[in-house]
Each structure stands twice: as C-alpha cells, then as structure tokens.
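Structure first, commentary second.
Note that this is a predicted model, so its numbers are computed, not measured.
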Amino acid sequence: MSTNHSGAVWSRLLAALVMLSLAAAACGNSDDDSDSGDSGGDDGQQADSGDDSSPSGAVPGVTADEIRFSVFGTRTNNPTGACILDCFVDGINAYFAFRNDEGGVHGRDMVLTTELDDELSKNQEKALEIVSADDTFAAFSATQLANGWHDVAEAGIPLYVWGIHSAELNGQQGIFANNGVICGKCSSRSVPYVGTLLDATKVASMGYGVSQASKDCAGAVVDSVELYGDETGQEVGFFNDDLAFGLPNGIAPEVSLMKQADVDFVTACFDLNGMKTLAQEMERQGMGDVPMLHPNTYDQNFVAEAGDLFEGDMVQVGFRPFEADAGDTGLADFQSWMEETGSEPTEVAMVGWINADLAYQGLLAAGEGFDRAGVIEATNAITDYSATGLVNPIDWSRQHDAPTEDDPAAHGYVQECYSYVQVEDGEFHPVGDESKPFACWDNSDLDWSEPEPTNFG
C-alpha cells in the first residue's frame with residue numbers, strides 16, 4: 001500500500017538514473033586512450049603505501065598512523081552539469097578533518113589518498129583500478145553510472161555511496177549508502193501530503209520515457225494520489241510518463257493540457273534542468289502561480305539565479321535541511337567543518353559527510369583489531385543509524401534489500417519520513433517546525449493520517 005522509501009531517495013534516484021540513457025553516447029565520446037592508472041593530478045591522486053602494519057597484521061590501506069580511503073565518481077562528461085565528485089569529496093574531507101581533530105579512530109587519522117574521475121562511462125574501470133591497487137582500506141563513490149560498485153564489493157572492500165542507484169545497492173551487504181534501499185514503484189504519502197499543504201485538488205505527474213526509474217516514480221505518484229484521494233480530496237488531472245529526456249522539444253502541449261484540466265499542483269520525476277524547462281513553460285502559459293514539488297532542486301545558487309521562477313514551490317530534501325535548527329544533531333558539525341575546510345555546503349557534500357560518518361562508525365564498532373570483513377559485519381549490526389540526526393534512521397541489518405508494496409515493513413524504514421523546504425524570495429525556508437523538520441508516519445499503519453513532526457537528534 002505505501003512506500004518504505006524515504007524522501008532522501010525518492011528524488012535523487014530518479015535524477016541520476018535518467019542519465020542511463022546517455023551512457024552509450026558518453027562511452028562513444030570518451031577518450032578511449034586516457035590512462036586509467038593515473039597517479040597524480042585530480043584524476044588519480046595516490047599516496048605512497050608506507051607502513052602496512054595494521055591491527056590484524058596485514059590490512060590494506062592501514063598504517064600505524066593512517067586509515068586510507070579511495071573515492072571514485074563522476075566529474076567530467078557529466079550531462080547534468082551538477083557538482084558531483086568534487087562536492088562529494090568536500091563532504092568526506094570535512095568529516096575526516098572533524099574526526100582527525102578529535103584524534104581520529106583507533107589512534108589513526110582517516111585520509112583520502114586516491115581520487116579517480118570515472119568520466120561518466122568508466123566507473124567499472126576505476127573500480128577495478130582500486131581493487132587491483134589494493135592500497136586503500138575502503139572506498140567511496142558518487143556517480144551517475146554505478147557499474148563498478150559490485151566489483152569493489154566482491155573484493156570484500158567496504159564501499160560507501162551516494163544511494164541513487166537502487167538496483168546496484170539491492171542485496172549488497174558490503175555497500176552502504178546515505179539511505180536504505182528503496183522501492184521505486186511503491187506509493188507514498190509524500191505527494192498527497194504536500195498537496196494538502198497547498199490546498200491542491202488536481203495533481204499532474206510526469207516522467208521520462210527513457211528511464212524506467214522515472215516512469216516508476218511518475219506512476220507511483222498517480223497510485224499515491226488515487227490511494228489517498230478520498231482523504232485528501234485530490235485526483236489526478238494529468239499524467240504522462242513518456243516524455244523525452246531533457247525535454248528537447250519543449251513541453252508546451254503538456255502544459256496546455258494541464259491548464260485545460262485545471263491542474264493546481266505539479267510533480268515531475270525530472271532532473272534539475274527539466275524542472276526549470278517545465279517551470280518556464282508554465283510561466284509562459286500563465287500557470288506560473290501553480291506550485292510544483294521538486295525532486296532534486298535543493299540548490300540555492302540555481303534557485304536564486306532563476307529569480308522568481310520557482311517562487312512558492314516545494315523541494316523535497318533527503319536529510320535534515322541546512323535551514324532547519326541544528327539542535328543536538330550533526331548539522332552543526334557539518335556546517336562548522338565545511339566552513340573550516342573552505343567548502344560550500346551542498347547536497348552532495350552532505351552525502352559525502354554521511355558516508356564518511358558511517359565509515360567511522362563502522363570502524364569504531366569493529367574495535368581495534370578491525371579489518372575489512374569486521375567493519376562490514378559491525379556496520380551491518382547497526383540498527384538505528386541516523387548520522388546523528390541527519391537522516392531517517394536506517395537498520396543496516398535488513399535495509400540492504402528493497403521493500404515491496406505488499407510487504408513494505410520487512411526491509412523498509414520503521415517510519416516513512418520526509419523533510420521539505422519552500423522557496424520564498426529566492427531562498428529556502430523549512431516547512432513546519434524547524435526543530436522537528438521531518439514529517440513522519442508510522443509504517444506499521446499505512447492508512448492516511450497527518451504526519452508527526454519529528455526530530456532524530
């Protein structure tokens with residue numbers, strides 16, 4: 001009946017997976033002669049192996065003073081134009097600086113010694129480079145195409161990732177994301193709930209035809225609106241899940257049909273630029289005051305540069321929003337150490353911070369005699385991981401597998417939780433209680449109800 005995925009992933013999954021249709025083109029356009037074994041420069045920074053002594057005698061990447069990590073992800077050939085690898089690294093390095101300032105873990109500093117750009121189409125190549133070198137303890141990855149993740153996991157190397165690729169995460173006990181594995185097709189209370197906040201009665205849902213994830217998302221919105229329609233007073237006014245990626249031919253006919261149907265709330269499983277194209281056409285046709293729910297527009301610079309184009313729109317955020325009260329959560333440490341390291345707080349930087357925290361917590365839980373297998377085992381024993389109040393708690397003993405519509409509680413979240421911000425005068429403002437920024441429903445009861453304002457700190 002209801003989804004078990006969190007707001008953290010409902011949108012980000014789609015934003016990245018729609019890029020799959022571009023993979024073939026990217027492969028053809030990539031420089032096939034590039035050296036996958038670069039050492040030095042931004043594409044392949046590697047440190048000398050140094051002293052390989054470790055708690056268990058021979059743990060790769062562990063010296064008397066350091067625990068070394070690698071990272072691989074998308075920088076060049078990124079069709080979204082968004083900051084991925086660099087921002088991800090910003091978050092990881094900020095977290096490492098935070099922990100190292102406290103003395104590190106087990107008397108060792110956490111350091112990022114290998115950084116590889118997968119150029120969109122070379123994720124597996126870079127993954128195998130990390131596996132072959134075998135000189136880092138664990139790895140991180142934020143990428144548009146995750147076809148190398150399984151190679152790292154099969155080598156027994158702990159892997160911490162941007163959790164937008166549900167298929168690659170599903171069933172992988174050694175891969176940990178900033179979220180549990182989700183059900184992309186499942187219905188959710190999120191869209192109907194936001195609709196009630198906006199007094200919506202007719203909802204539009206759209207997706208890209210080239211991406212099954214985008215189609216699933218658009219269909220799930222329809223199912224959700226219909227499922228809870230009696231309680232919310234909402235119905236589907238327009239639906240199209242077969243639009244061309246990037247909307248190269250515009251979206252004028254669809255907006256005209258929405259206008260004819262008196263749609264008063266728009267959702268779309270599009271990337272950031274697709275949402276902008278949609279908003280521009282709505283403005284052109286006199287629908288500029290119709291609010292939208294954005295899956296992946298949590299980008300202050302992008303929104304500010306758009307002027308009043310997104311005014312009044314809602315944005316779903318996959319973690320405790322930057323604009324919320326930090327309270328006793330990890331948000332204050334994140335903001336402080338991003339500033340300390342001279343980095344800009346961004347969505348993907350927060351993902352890097354959360355990934356780095358889970359790596360730290362796993363090492364801590366494994367004890368001083370840690371090795372790779374021990375850290376994976378210890379992390380999978382963590383049943384309430386919230387990154388110190390930054391995300392909906394994850395039970396890693398069971399959330400490596402995707403939940404289903406028929407049995408969402410088996411592998412899903414205990415609570416269905418979302419956080420939102422609204423665009424006002426070009427800036428984001430938290431929706432609801434700033435000290436309790438998550439709207440949550442108990443997943444043991446999938447009936448419609450008002451969500452409970454929640455704080456995980």
Mind checking what makes side-chain hydrogen bond (donor to acceptor under 3.5 Å, both in side chains) contact with [X], not counting sequence neighbours?
X	value
D442	S444
N301	E344
S435	D433
D357	Y95, Q361, Y385

Can you list the residues that meet the side chain to side chain contact (heavy atoms under 4.5 Å, CB included) rule with [X], with sequence neighbours excluded?
X	result
S132	none
V131	V152, A155, I157
Q124	L128, N147, D151

Taking atom [atom1] of [X] and atom [atom2] of [Y], what is their separation to the nearest 0.5 Å?
X	Y	atom1	atom2	result
I182	S188	CD1	OG	10.0 Å
F456	R320	CZ	CZ	9.5 Å
D308	E283	CG	CD	6.5 Å

Quick one: side chains of residues 234-251, donor-acceptor pairs under 3.5 Å with protein atoms, not counting sequence neighbours, listed by atom name and distance.
from : atom 1 : to   : atom 2 : distance (Å)
Q234 : NE2    : P192 : O      : 2.9
N240 : OD1    : D242 : N      : 2.9
D241 : OD2    : K215 : NZ     : 3.4

Inset, instruction - Verify ring-ring contact (aromatic ring centres under 6.0 Å, His included) between F69 and F96, making sure each step is shown before the conclusion. - result: CA-CA 11 Å; F69 296 82; F96 283 0; 5.2 Å; yes
Non-hydrogen side-chain atoms of [X] and [Y] separated by less than 4.5 Å:
X	Y	value
W162	N178	yes
Q399	N179	no
N455	T329	yes
T74	L85	no
Y420	L197	no
S70	L116	no
P321	P437	yes
D425	E311	yes

Inset, instruction - Flag yes if more than 12 heavy atoms outside K202 fall under 6.0 Å of its NZ atom; otherwise flag no. - result: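 Yes, NZ of K202 has more than 12 neighbouring heavy atoms, counting only those of other groups under 6.0 Å.
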Legend entry - CD/E339: more than 12 non-hydrogen atoms of other groups inside 6.0 Å: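 Open: at most 12 neighbouring heavy atoms sit under 6.0 Å from CD of E339.
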Contact summary for [X] and [Y], nearest pair of heavy atoms:
X	Y	result
Q285	S256	OE1-OG, 2.9 Å
L120	N77	CD2-O, 3.2 Å
G412	P403	N-CB, 3.9 Å

Residues in salt bridge (charged side-chain N to carboxylate O under 4.0 Å, His left out) with [X], at least two apart?
X	result
D299	none
D86	R75
E281	R284

Legend entry - Q422: which of D313, V194, V315, L198 passes side chain to side chain contact (heavy atoms under 4.5 Å, CB included):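 Answer to the side chain to side chain contact (heavy atoms under 4.5 Å, CB included) test with Q422 among D313, V194, V315, L198: L198.
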Legend entry - Backbone of G148 reached by a side-chain donor or acceptor of N123 within 3.5 Å: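 Indeed, once roles are kept as given, a pair shorter than 3.5 Å links the two residues.
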Mind checking whether [X] and [Y] have ring centres under 6.0 Å apart?
X	Y	result
F428	F322	no
W396	F176	yes
H294	F270	no

Legend entry - The single option from W441, Y228, W448, F265 passing ring-ring contact (aromatic ring centres under 6.0 Å, His included) against Y193: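 So, applying the ring-ring contact (aromatic ring centres under 6.0 Å, His included) to Y193 and each of W441, Y228, W448, F265, only W441 qualifies.
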Inset, instruction - Any pair with a residue in residues 421-457 that passes disulfide (SG to SG under 2.5 Å), sequence neighbours left out, goes on the list, sorted by first then second residue, please. - result: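 Output for this query lists C417-C440.
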Inset, instruction - Begin from the C-alpha positions of T143 and W149 and carry the test side chain to side chain contact (heavy atoms under 4.5 Å, CB included) through to its verdict. - result: CA-CA 10 Å; T143 183; W149 286 2; 3.8 Å; yes
Inset, instruction - Applying side chain to side chain contact (heavy atoms under 4.5 Å, CB included), run through E168 and H150 and close with a yes or a no. - result: CA-CA 7 Å; E168 285 77 10; H150 288 185; 4.2 Å; yes
Inset, instruction - Using only heavy-atom distances, determine whether the side chains of D264 and T201 contain a donor-acceptor pair under 3.5 Å. - result: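 Looking only at side-chain atoms, T201 and D264 do form a donor-acceptor pair, the distance falling under 3.5 Å.
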Legend entry - CA sep, side-chain torsions, deciding dist, call: V191, L293, side chain to side chain contact (heavy atoms under 4.5 Å, CB included): CA-CA 8 Å; V191 172; L293 174 60; 3.9 Å; yes
